[in-house]
Every structure is written in structure tokens, then in C-alpha cells.
2 protein chains.
Amino acid sequence: MSTTAHSHSPHESLVQRLADSGLRATPQREVVYNILLQKRDHPTADEVFARVKPELPGISLATVYNCLETLVQCDLVRAVNFERGPTRYCPNLKPHAHFHDERSGATYDVDLPEGLIDQLKSILPPGFHASAVEITFRGESKSLR
Amino acid sequence: MSTTAHSHSPHESLVQRLADSGLRATPQREVVYNILLQKRDHPTADEVFARVKPELPGISLATVYNCLETLVQCDLVRAVNFERGPTRYCPNLKPHAHFHDERSGATYDVDLPEGLIDQLKSILPPGFHASAVEITFRGESKSLR
DNA sequence: ATTTTAATTAGAATTATTCCAATTCCGACT
DNA sequence: AGTCGGAATTGGAATAATTCTAATTAAAAT
């Protein structure tokens with residue numbers, strides 16, 4: 001038995017997740033996903049396009065949009081919007097917040113303590129049920145990485 | 001003495017805040033601001049434009065954008081972006097979260113318990129200093145208002 | 001092999017926003 | 001009251017991001 005119920009190889013999980021949604025693992029989808037994993041700086045669709053091109057010169061921007069949307073649908077990638085401007089994409093599946101450095105424009109992932117999301121959900125008034133919570137910090141960070 | 005150091009009339013605070021930034025209180029700015037106060041449903045610039053027109057038929061969309069931007073600069077209004085799509089505007093100055101009802105598309109303000117923002121800021125790693133925190137819930141609400 | 005369905009592609013279309021140059025409006029100062 | 005100068009507004013053009021569409025290609029199923 002070489003296939004376990006929950007493989008943790010990125011490639012496996014991609015193929016698996018796509019299959020779960022009845023979708024195919026095309027070269028375009030695989031490369032787009034790998035690009036996101038390689039440099040987790042929350043690139044825009046345009047930036048993904050530029051990074052994918054060398055590997056797949058024939059790819060079109062429309063396909064990049066399609067692939068990103070597909071990956072978001074499969075819960076492999078999160079679409080991030082915290083300011084007017086292009087959507088950014090993030091392959092971090094763990095619950096996390098985003099820190100947006102207003103000086104550099106960079107965005108960092110911030111791990112959340114266990115239970116925080118539930119604590120936040122508990123402040124909602126009766127009748128409100130959240131399936132997801134997004135937290136964005138804005139400010140300045142000394143880390144120049 | 002009829003003018004106190006901190007008047008709470010919306011109109012006063014508008015005039016005051018604009019003056020503080022060296023800006024004038026024009027009819028366009030006043031009407032745009034009042035429209036936001038009247039119906040706090042987080043309208044887009046287009047929606048604000050439509051609501052302002054009856055009162056100020058000659059106003060242009062560019063001016064609505066200008067006024068909204070000005071109000072945001074003066075900290076009278078918050079620009080809200082939590083999904084791809086047009087920026088929405090919110091005249092609620094108190095710290096609050098947003099609840100986005102995925103069924104109706106409506107957005108509700110959610111009051112935050114005292115201290116929560118500070119608690120959240122405390123989870124940031126060393127070197128990160130947040131000036132603002134945004135919290136967005138997504139889900140379904142029973143409230144049909 | 002053929003048929004069917006899914007995915008990709010290029011380019012057009014749409015949407016949201018910003019830019020720009022030309023007025024108009026106001027306030028300060030004669 | 002009249003004029004000067006900066007601020008604000010306006011309409012339209014320009015830009016940016018995304019979505020749509022119709023045609024083509026690729027892959028899976030029969």
C-alpha cells in the first residue's frame with residue numbers, strides 16, 4: 001500500500017485535492033501551485049504569471065487566473081485582499097494572520113495561538129455564525145527579510 | 001461659550017477635522033459624509049454617487065472618489081476591502097470588526113470587547129508593531145435586516 | 001478510433017479607479 | 001466691490017485588474 005489516506009507531499013495533495021473536486025492535475029495547475037510554494041511572498045496574478053512563464057512559456061494570463069481560482073476553490077490556496085489593488089495569493093493553509101508592512105509593502109504570515117479563532121468567533125452576537133475569520137495587521141516591522 | 005473643545009455633532013466634527021488638515025468643508029464633502037452616516041451599509045463609491053446625485057445633481061463620480069479619499073485621510077471614514085471588488089466605505093470610527101454575510105452579501109459592524117485589539121497586537125513576534133488591526137468574519141447570519 | 005468533456009488560449013470586454021486639463025469656487029487682500 | 005491665487009470640482013481619457021467569450025487543444029471514456 002503505497003498510497004496512504006493522507007499523504008503530505010505537496011504534489012500528492014495537489015493531485016488529490018483536485019481529484020476530490022473532480023478536476024484534473026494539469027501542468028499549468030501544478031506549476032502555478034509550485035510557484036506559490038517556492039516563494040511565499042503573496043504574489044499577485046501578474047507576478048505569478050511572470051514567474052511561471054520561464055517554465056511554461058506558452059501559458060496565458062487567463063490561465064493563471066483560472067488556475068489560481070481553481071486552487072482557491074480546492075482550498076489549496078487563499079486569496080488575500082487587504083487593500084485596494086490586485087488580489088494576492090497565499091499557499092499557507094494553517095490558520096494565520098497577515099502583517100502588512102506599510103513601509104516596504106511586504107506581507108508576512110503570523111501564526112495564531114491555538115484557540116484564538118474560536119475566541120474571536122465567540123464575540124459575535126447571537127445569530128451570526130462565522131465559517132472563517134481574517135485578521136490583518138498594518139504597521140511597521142524591523143525585520144528586513 | 002458655545003463651541004466646546006470636542007463637539008460631537010457630525011457636522012461640527014466634519015468641519016473641524018477638515019480644517020485640522022487645512023481643507024475646506026465643501027457642499028460635496030458634507031453631502032458625501034452625510035450619506036455615509038445615513039445608511040451605514042458600507043456602500044461603494046458608485047453607490048454613494050447614486051445616493052448623492054438627487055441632492056447634488058451636478059456632482060461627478062470623480063468628486064465622489066475625491067471626497068471619500070479626503071474623508072479617509074481625515075480619519076472620518078474607513079475604507080474597507082475584504083474581497084476582490086470595489087472598496088467600501090464605513091463612517092464608524094469606533095474599533096470594530098466586519099461580518100460579511102456570504103448569502104446576502106451584506107456587511108455588518110461588530111463591536112469589539114475592550115482590550116481585544118491590544119490582545120491581538122500582543123501575539124505579534126518581536127520587531128512587529130501594528131498601528132491597526134482589521135478583523136473580518138465570513139459566514140451566515142440569521143438577521144435578515 | 002471516436003466521441004465527449006475539460007482545460008487552455010488570445011483577445012475583447014468590463015469594472016474600478018486614477019489621472020489630467022479646464023473651469024469654477026472661495027477666501028484673502030486690496 | 002474687485003482681483004488674485006490656491007483649492008476643489010468636473011468630464012472625459014487613461015490605466016489596471018479581472019472576467020468573459022469563442023475557438024482550439026488535450027485528455028478521458030467509450
Side-chain angles (χ1 to χ4, degrees), chain A residues 14-15 17-35 42-53 55-74 76-90 105 107, chain B residues 14-15 17-35 42-53 55-74 76-90 105 107:
Chain A
L14 171 71
V15 175
R17 290 281 190 128
L18 287 169
D20 290 351
S21 305
L23 301 169
R24 296 173 193 164
T26 65
Q28 290 87 343
R29 285 169 180 169
E30 295 188 2
V31 172
V32 165
Y33 185 53
N34 286 332
I35 287 295
H42 307 83
T44 64
D46 265 331
E47 286 163 352
V48 172
F49 183 46
R51 293 176 198 177
V52 166
K53 248 183 177 167
E55 215 163 327
L56 240 48
I59 199 170
S60 77
L61 179 57
T63 299
V64 171
Y65 273 102
N66 291 340
C67 291
L68 288 169
E69 177 60 18
T70 298
L71 296 172
V72 169
Q73 292 312 313
C74 296
L76 284 158
V77 167
R78 275 174 61 182
V80 178
N81 286 97
F82 37 65
E83 56 184 353
R84 146 183 33 183
T87 298
R88 296 175 170 277
Y89 297 87
C90 170
T107 298
Chain B
L14 171 70
V15 175
R17 291 280 191 130
L18 287 168
D20 290 351
S21 305
L23 301 169
R24 297 176 192 161
T26 67
Q28 289 88 344
R29 283 168 181 170
E30 295 189 2
V31 172
V32 165
Y33 185 52
N34 285 332
I35 287 295
H42 307 82
T44 64
D46 265 332
E47 286 162 352
V48 172
F49 183 46
R51 293 176 198 177
V52 166
K53 248 184 177 167
E55 215 163 326
L56 240 47
I59 199 169
S60 78
L61 179 57
T63 298
V64 170
Y65 273 103
N66 290 341
C67 290
L68 289 169
E69 178 59 18
T70 298
L71 295 172
V72 168
Q73 292 312 313
C74 296
L76 284 158
V77 166
R78 275 175 60 182
V80 178
N81 285 96
F82 37 65
E83 56 185 353
R84 146 184 33 186
T87 299
R88 296 176 170 276
Y89 297 88
C90 171
T107 298

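It should be emphasised that the depicted structure is a prediction, and the values quoted were computed from it without experimental measurement. Just so you know, these numbers use all the heavy atoms, side chains as well, and skip hydrogens, waters and symmetry mates. Note on naming: letters A, B, ... go to the chains in the order of the sequence lines (proteins, then strands), and numbering restarts at 1 for each one.
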* Residues two or more places apart in sequence or in another chain: which of them pass salt bridge (charged side-chain N to carboxylate O under 4.0 Å, His left out) with B:Arg51? -> B:Asp41

* Would you check if the side chain of B:Arg29 reaches a backbone N or O of B:Arg24 as a donor-acceptor pair within less than 3.5 Å? => yes

* For chain B, the stretch of DNA chain C it reaches, first to last nucleotide, under 4.0 Å of its heavy atoms -> C:dA16 to C:dC26

* Drop me the distance from B:Leu71's CG to B:Ser21's OG, to the nearest 0.5 angstrom. => 10.5 Å

* **Heavy-atom closest pair, residues B:Leu61 and B:Ala45** => CD1-O, 4.3 Å

* Contact residues, residues 79-86 of chain B to DNA chain C [heavy atom, < 4.0 Å] -> B:Pro86

* Can you tell if the side chain of B:Glu55 reaches within under 4.5 Å of the side chain of B:Ile35, non-hydrogen atoms only? -> yes

* For A:Thr87, answer base if it contacts any base atom (sugar-phosphate contacts may also be present), sugar-phosphate if it contacts only those atoms, and nothing otherwise; contact means non-hydrogen atoms under 4.0 Å. => sugar-phosphate

* To do: Could you check if a side-chain atom of A:Thr107 sits within less than 4.5 angstrom of a side-chain atom of A:Val80, using non-hydrogen atoms only?
  => no

* Asked: Does a side-chain heavy-atom distance below 4.5 Å link A:Val32 with A:Thr63?
  -> no

* Asked: Among residues 55-67 of chain B, which residues get a heavy atom nearer than 4.0 Å to DNA chain D?
  -> B:Gly58, B:Ile59, B:Ser60, B:Ala62, B:Thr63, B:Asn66

* Rounded to the nearest angstrom, tell me the gap between atom CZ in A:Phe49 and atom P in D:dA16. => 16 Å

* Partners of B:Asn81 by side-chain contact (heavy atoms from CB on, under 4.5 Å), sequence neighbours excluded? -> A:Arg84, B:Thr87

* Name the residue closer to the 5' end of DNA chain D, choosing between B:Thr26 and A:Arg88 according to the nucleotide with the nearest heavy atom. => B:Thr26

* Structure fact -> Note: for B:Pro27 and B:Asp46 on DNA chain C, the residue whose nearest nucleotide lies more 5' is B:Asp46

* **Set of salt bridge (charged side-chain N to carboxylate O under 4.0 Å, His left out) partners for A:Glu47, sequence neighbours left out** => A:Arg88

* Provide the closest heavy-atom pair for A:Ile59 versus A:Phe49 in the form atom of the first, atom of the second, distance. => O-CE1, 3.4 Å

